[in-house]
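First the proteins, then the strands, lettered A, B, ... as listed; each starts at 1.
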Amino acid sequence: MTDCFPESAVSGEIRLNEYQRAAVLDESPACVVNANVGSGKTTVLIEKILYLHLERNVPLERMIVLTFTNKAADEITARLLKREPGITPEQVRGFGTFHSVAMGLLKSDLPVEKAGWTKEFTVMDPDEETDLALDLIAEHGLKVKYKNRLKKRMEQEYQNWLLGKEESRYKDDLFRLYPLLEEEKKQQNKMSFADLLRVSTALLKNSRDAGGSEESRHPEWIIVDEVQDSDRMQLDFLEALRGGEKAKIFAVGDPNQVIYSWRGTGDNMFFLLKHRFGAKELTLPVNYRSNAAILEAANRFLQFGNRIQGSREAAERITVKNHYDPFQEAEYLAGRIRALHEGGKAYREVAVLYRLQHQSEILLKVFERYGVPCEVSVKKTWRDIPVLNWIVKVLRFSVNVSDVQTAVQVLTNPSYGEKCTKKKARDIVKNPESEAQYATGDQVRNAAGKGGAERLFWKMRGFERHFSGCTGDGMPSPEELFAYFELREALHPAEESYAEDERLVMDFLKKLCAVCAVRGDTAAGESGNRDFVKRVREFINSSALYGMKTDAGEKEAEGEHESADSSGKEEQPRNAVRLMTLHASKGLEFETVFLIGVNQGLIPLRCRNYEQEEEERRLFFVGITRAKDELELSWYTNPDEPGAIGEPSRYLRMIPEHLLKRADVRDEKQKMQNLRQLRREVQEQKRETQEQKREAQEQKKDEQEQLSGGRNSGQIRVRHRKYGEGVLLSEDDMMVEAEFPGYGKKQFLKAFGEVEIL
DNA sequence: GAGCTGTTCTTTTTT
DNA sequence: AGAACAGCTC
């Protein structure tokens, strides 16, 4: 029992401890591995897959490997490929996030028609579902409370609705909205993220109950990473996928790292899964990451399982520092990190963690001033880049002409394409003149005389017809696509941003064409779509789930030009200090970690109930266990945070004194002078962002007004006894809206006769 | 709409 | 604790 894992092809140079080995070799029908923090969880997963594949002759195609995030999915395939370079993409088709695997099943294995969609369905943006819901609320005159928080509400109460509850807890029409929304999504042949899971689960169950399940439909093995992060729907999906007892299930997770239960159900999914599948529980108790002091502290915060065993000798104590306020601390950190760097520490091995997103603002500003390279971990995808967001929508409608919502969004975009009101866009989209003319291509020609909006609409409508013949060598080039949609005009060449927009769009189209071309070569045969349109649809769908990486955000990196050619290669993390929230830090590790703002009222953040407090405690646990060698915790005498008080967090008292090294940083008068200026700047910046937010909100309001009431563009003057003369903005049966210089927009009930139209 | 009172939420984020 | 919203009356 003490010998190492057999040095066969399976283990190669990898050495596993006895617990890891037991997990790899276990073949119970269901097994959950309680993997302590830093215990080599992913290694076990990889070795398990290779063991099953190479030793037990389970084809990779018969395994489903599920992760919660794309990042984790990428890591698994990358590590697998490193061990076994011969593995093809075809073999790991069943590897991915819950959502992408569900989509794969719906596209190629399950009878999605039975649920009301067709195989050509597309995937919705999360925001789009909220927009669609708002349209339906208006259309059907539904009464729904808290409309501005609709997205959150819809997510939260969706489960209840699925469980057959009749009414929302707010006693409004929300539960009448769900069926309407579902019907509309079927009409427009598109699915939300939740639909992908829900519908595939239902269809899997259905096919099993029908008894006509072919063997191939059920995998031999289902392997799940980070199960503690899954929700009820994902558990249902697993159960359906398992198809009774046909597949064996192996799941890895850590109940002590549940930090997202606020968005799912309150239960700890690790134990829920264990009980639901009657799974055998194994543990991985040995931590390979942190030094002895950090682990001993972490053990005080363990909520489930036995203590974490360390693998390293005792070392440095944990530093606890008291700073006057965030500004003073930022300055201290800048100096401290620079010193670390001069001592040979790589910036990328240093992380600053905090509870709230906006705590990064001060750090960013001060670090910049002191020349400490740093990066706030917020990933950029095409969704954050307006022009790409638009072009994706153009393509989305082009490959799914039922998706009228997207068509309207494309046509009404204020920055791209010809300006078009929502009303007009709806007319164009909802009453496409004669289908026969469109079929002959006449519409596109006729539209030449009409507005650009109509032209673009017919281009999108005609996309499938125009490119349907394209296969193999006949694939269109990015330039052809650019020309087809007449993007030169649509992107507004007169605008300052045109050059950049054109570059972004061309890069995107190049990527699209490259992927479409490759897909055909490697995946020939039944699953290889010979048809260009089909491939574009596939690309657009997977990028909806994947949030496709863009190189756009990378340019901001410092003055020095890094490798000019970043094409193809995965973006490499810049050598910079990482700033991130505790949540974002999960799964990462750093040599040196600063955890800031460990004040009562911030860590833990004010809690409503005991469960919330427990989750805050797990969050703190996750934070301190990111550190390998050096951990520094700090609290403020004068925290800026509302709700936080100038006392150390009670979590600091939970760490035994002999593990700590206390050091207070007292104010230095001279530095305070320096900081006053900064403080002013940051406050100004805050005001600015607030203003921007307000403006954005007002713009949204304007759009809505434009939609509801016909806007009067001719300047009609009005008079009011208090506000004087103003301009009429809009008017309907009940209301008059006017703008008065010095008073802004005002609305009046017509019945009161307060305003006189001149 | 304006103005009032009472209620609810505020943070963390992935697909 | 304070903002944002719902629902009421005028």
Side-chain angles (χ1 to χ4, degrees), chain A residues 66-73 96-103 123-129 143-153 155-156 169-172 191-198 200 225-226 229-231 233-234 237 258-264 353-360 377-379 381 383 541-548 580-587 597 601-608 612 615-616 618-620 622-623 641-645 690 693-694 697 720 722-723 734-738 743-755:
Chain A
L66 297 164
T67 59
F68 199 62
T69 65
N70 285 307
K71 204 176 144 205
T97 62
F98 278 84
H99 291 88
S100 72
V101 169
M103 182 174 77
V123 178
M124 293 174 88
D125 249 40
D127 291 337
E128 273 174 38
E129 195 170 23
K143 194 185 83 182
V144 173
K145 293 178 187 173
Y146 295 107
K147 276 214 202 72
N148 56 333
R149 285 171 237 160
L150 187 63
K151 193 179 169 192
K152 230 175 191 172
R153 272 202 67 195
E155 267 168 34
Q156 276 170 1
R169 54 183 277 232
Y170 296 100
K171 296 199 164 57
D172 62 8
M191 286 195 197
S192 67
F193 290 153
D195 292 332
L196 293 171
L197 284 179
R198 199 194 83 236
S200 55
D225 187 23
E226 304 258 35
D229 280 336
S230 55
D231 59 27
M233 238 198 270
Q234 284 159 333
F237 178 73
V258 175
I259 56 172
Y260 288 116
S261 66
W262 48 271
R263 61 181 180 204
L353 311 181
Y354 37 81
R355 178 65 237 267
L356 300 174
Q357 205 69 258
H358 71 254
Q359 289 177 266
S360 65
S377 294
V378 275
K379 42 151 209 165
T381 72
R383 250 186 272 271
N541 276 339
S542 59
S543 53
L545 289 176
Y546 203 81
M548 213 187 63
M580 68 188 88
T581 62
L582 287 168
H583 284 89
S585 76
K586 207 183 97 186
L602 188 54
I603 298 176
L605 202 62
R606 56 192 178 273
C607 297
R608 191 163 255 73
Q612 239 178 52
E615 180 140 324
E616 292 289 315
R618 290 191 292 267
L619 196 55
F620 183 74
V622 167
E641 244 29 79
I645 55 173
Q690 260 174 11
K693 248 187 216 164
R694 212 178 310 128
Q697 243 173 25
H720 185 270
K722 183 171 162 203
Y723 305 128
M734 300 282 293
M735 306 291 302
V736 180
E737 189 185 23
Y743 293 96
K745 281 178 202 150
K746 297 282 171 193
Q747 291 184 299
F748 308 95
L749 218 52
K750 264 191 177 171
F752 293 169
E754 287 175 286
V755 278

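A/Asn70 comes within 4.0 angstrom of sugar-phosphate atoms only, judged by non-hydrogen atoms across all strands, and of no base. Using a 4.0 Å heavy-atom criterion, one finds that A/Lys152 contacts the bases of the nucleic acid, with or without backbone contacts as well. Residue contacts for A/Leu605: at a heavy-atom cut-off of 4.0 Å it reaches a base atom on one of the strands shown.
Between A/Ile259 atom CD1 and B/dT13 atom P there is a gap of 9 Å when expressed in whole angstrom units.
Side-chain to base pairing of A/Arg355 with B/dT12: one donor and one acceptor N or O lie within less than 3.5 Å of each other.
A/Leu356 pairs by the side chain to side chain contact (heavy atoms under 4.5 Å, CB included) definition with A/His358, A/Gln359, A/Leu602, A/Leu605, A/Glu641, not counting sequence neighbours. A/Lys151 meets the side chain to side chain contact (heavy atoms under 4.5 Å, CB included) test with A/Pro126, A/Asp127, A/Thr130, A/Glu155; sequence neighbours excluded.
Panel note: side chain A/Arg355, backbone A/Leu619; no donor-acceptor pair is recorded below 3.5 Å.
Per the stacking criterion (ring centres < 5.5 Å, plane angle < 30°), A/Tyr146 does not stack onto the base of B/dT8.
C/dA3 and B/dT13 have their P atoms separated by 24 Å, given to the nearest Å.
Residue A/Ala102 comes nearest to A/Ser200 through the heavy atom pair CB-OG, 3.5 Å, listed as atom of the first residue, atom of the second, then distance.
Between A/His583 and A/Arg149, the residue anchored nearer the 5' end of DNA chain B, judged by the nucleotide with its closest heavy atom, is A/Arg149.
Residue A/Thr581 has no polar side-chain atom (N or O) positioned under 4.0 Å from OP1 or OP2 of B/dT11. Phosphate proximity of B/dT11 to A/Gln612: absent, as no side-chain N or O sits under 4.0 Å from OP1 or OP2. One finds no side-chain N or O of A/Lys71 lying less than 4.0 angstrom from the OP1 or OP2 phosphate oxygen of B/dT14.
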